[in-house]
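Reviewing the structure listed below.
Whatever order the structure lists ligands and atoms in, that order sets their numbers, starting from 1.
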Amino acid sequence: MSQFWSAVVHGLKPYSPGEQPRLAQLIKLNTNENPYPPSPKALAAIRATLGEDGCILARYPDPAGDRLKTAIACYYERVLTQTRLTPQQIFVGNSSDEVLSTLFQALFRHESPILLPDVTYSFYPVYCGLYGIAYEEIPVDENFAIRVADYQGKANGGIIFPNPNAPTGRALPLADIERVVSANPQSVVVVDEAYVDFGAETAIGLVNRYSNLLVVQTLSKSRALAGLRVGFAVGHPDLIEGLERVKNCFNSYLLDHLALAGAAAALDDVEWFEQNRQKIIMSRESLTAELGELGFQVIPSQANFIFAHHPAHDAATLAQQLRERHIIVRHFKLPRIDGYLRISIGTPEECAALIDALNHILNPQ
Ligand SMILES: *Cc1c(COP(=O)(O)O)cnc(C)c1O
């Protein structure tokens, strides 16, 4: 507490990120990072950009990020053959968290509360606190599924949810997303697709038909670049212009030279990306089966993590016991989900070590 704080600071409840301990022998399954390295082409592009002398760092980067926007548009033209995107439909930012922060400020400050699921990414209420935005939590059902009907016919100042949802990993079919978007023409519907590449269907193909849809993505998870901090949003040019206006009121150069170059090259390297995500999906399926054999109930996941509950064991205790064996997973002390562990998908070796540790914890000799 300080007399020097602005009034709003006293009431803030900041997000608490999963820890990043600096221990060598640690199996880190707590923040949904990718266990594999980023594309070698991304690394080469970063090195080439830096050059021998690093002189480029004396210059400001491209404030528009055009090369990166082109790479995003090209990638989606390749996978969604019917969809053409222009740079005016794309906003790039220094992580998707920052893109989210910008859009809460630019698009969600209205009279009516925004709607979000009660079990969801815990950063959303934090942005609401920062910008003075009222929100209404819509309960997910008893299987943690988002009920689409609950987002129809309700006055609101905007809607946001991740697809797949976090921290459950459950995905909504694209037809359900479209139902929410078309039922709310008066407000912006934001789909946070941080994990979409691990098995859900992107809504980017709908942006040319719905001017109230904004899709947010990150390169942190499926492209193994959490440390580079790159995120983006795709939507109608009017929405993007709103984001650009806010961005240009706090920082014109969101992305540095290295991030711009590395991110564009990572998006171009489709082959690396495909291999990497298929490996993670395969590990997720086998880990889910093995946890099932140990008595865990696992929510069907389309993400690079799973959300698991053991009916006979306290989740916080299990997390602590795993930690003693140098494995860290995430436990949220929150209503409805405090009986669950969120476990990021590691390499096959890391998954095997987790199963081995749980075996010892659950079946002591
Ligand atoms: C990880 C995550 C983000 C943030 O990604 P960054 O680009 O690394 O900031 C956003 N939304 C959800 C749901 C996430 O899980």
Under the criterion side chain to side chain donor-acceptor pair (under 3.5 Å), I'd like the reasoning laid out for Ser101 against Tyr131: C-alpha separation, chi angles, the key distance, then a yes or no. CA-CA 9 Å; Ser101 170; Tyr131 299 125; 2.7 Å; yes
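Taking every heavy atom of Lys221 and a limit of under 4.0 angstrom, the matching atoms of ligand 1 come to 1 (C), 2 (C), 3 (C), 4 (C), 5 (O), 14 (C), 15 (O). Which parts of ligand 1 touch Ser220 is read off a 4.0 Å heavy-atom cut-off, strictly below it: atoms 6 (P), 7 (O), 8 (O).
Lys28 and Glu33 are joined by a salt bridge, as a carboxylate oxygen and a charged side-chain nitrogen come within less than 4.0 angstrom of each other. Ion pairing of Arg78 with Glu274 is absent here, as no side-chain N (NZ or NE/NH1/NH2) approaches a carboxylate O to less than 4.0 Å. Electrostatic pairing of Arg336 and Asp118 counts as a salt bridge here, judged by a charged N lying under 4.0 Å from a carboxylate O.
Applying the salt bridge (charged side-chain N to carboxylate O under 4.0 Å, His left out) test to every pair with at least one member in residues 134-144, sequence neighbours left out, gives these pairs: Glu136-Lys154.
The shortest heavy-atom distance from Arg229 to ligand 1 is under 4.0 Å. For the pair Asn32 and ligand 1, no heavy-atom separation below 4.0 Å is found. A heavy-atom separation below 4.0 Å is not found between Phe123 and ligand 1.
Of the protein's non-hydrogen atoms, Tyr195 OH, 2.5 Å is the one closest to atom 15 (O) of ligand 1.
Residue contacts with ligand 1, taken as heavy atom pairs separated by less than 4.0 Å, involve Ser95 via backbone and side-chain atoms alike. With a 4.0 Å cut-off on non-hydrogen atoms, Asp192 touches ligand 1 through its side chain and not its backbone. Contact annotation: for Ser96 versus ligand 1, heavy atoms closer than 4.0 Å belong to both the backbone and the side chain.
Note on ring orientation: taking the six-membered ring where Trp is involved, the planes of Trp5 and His10 are tilted (angle from 30° to 60°).
Qualifying ring-ring contact (aromatic ring centres under 6.0 Å, His included) partners for Tyr76, counting only residues two or more places apart in sequence or in other chains: none.
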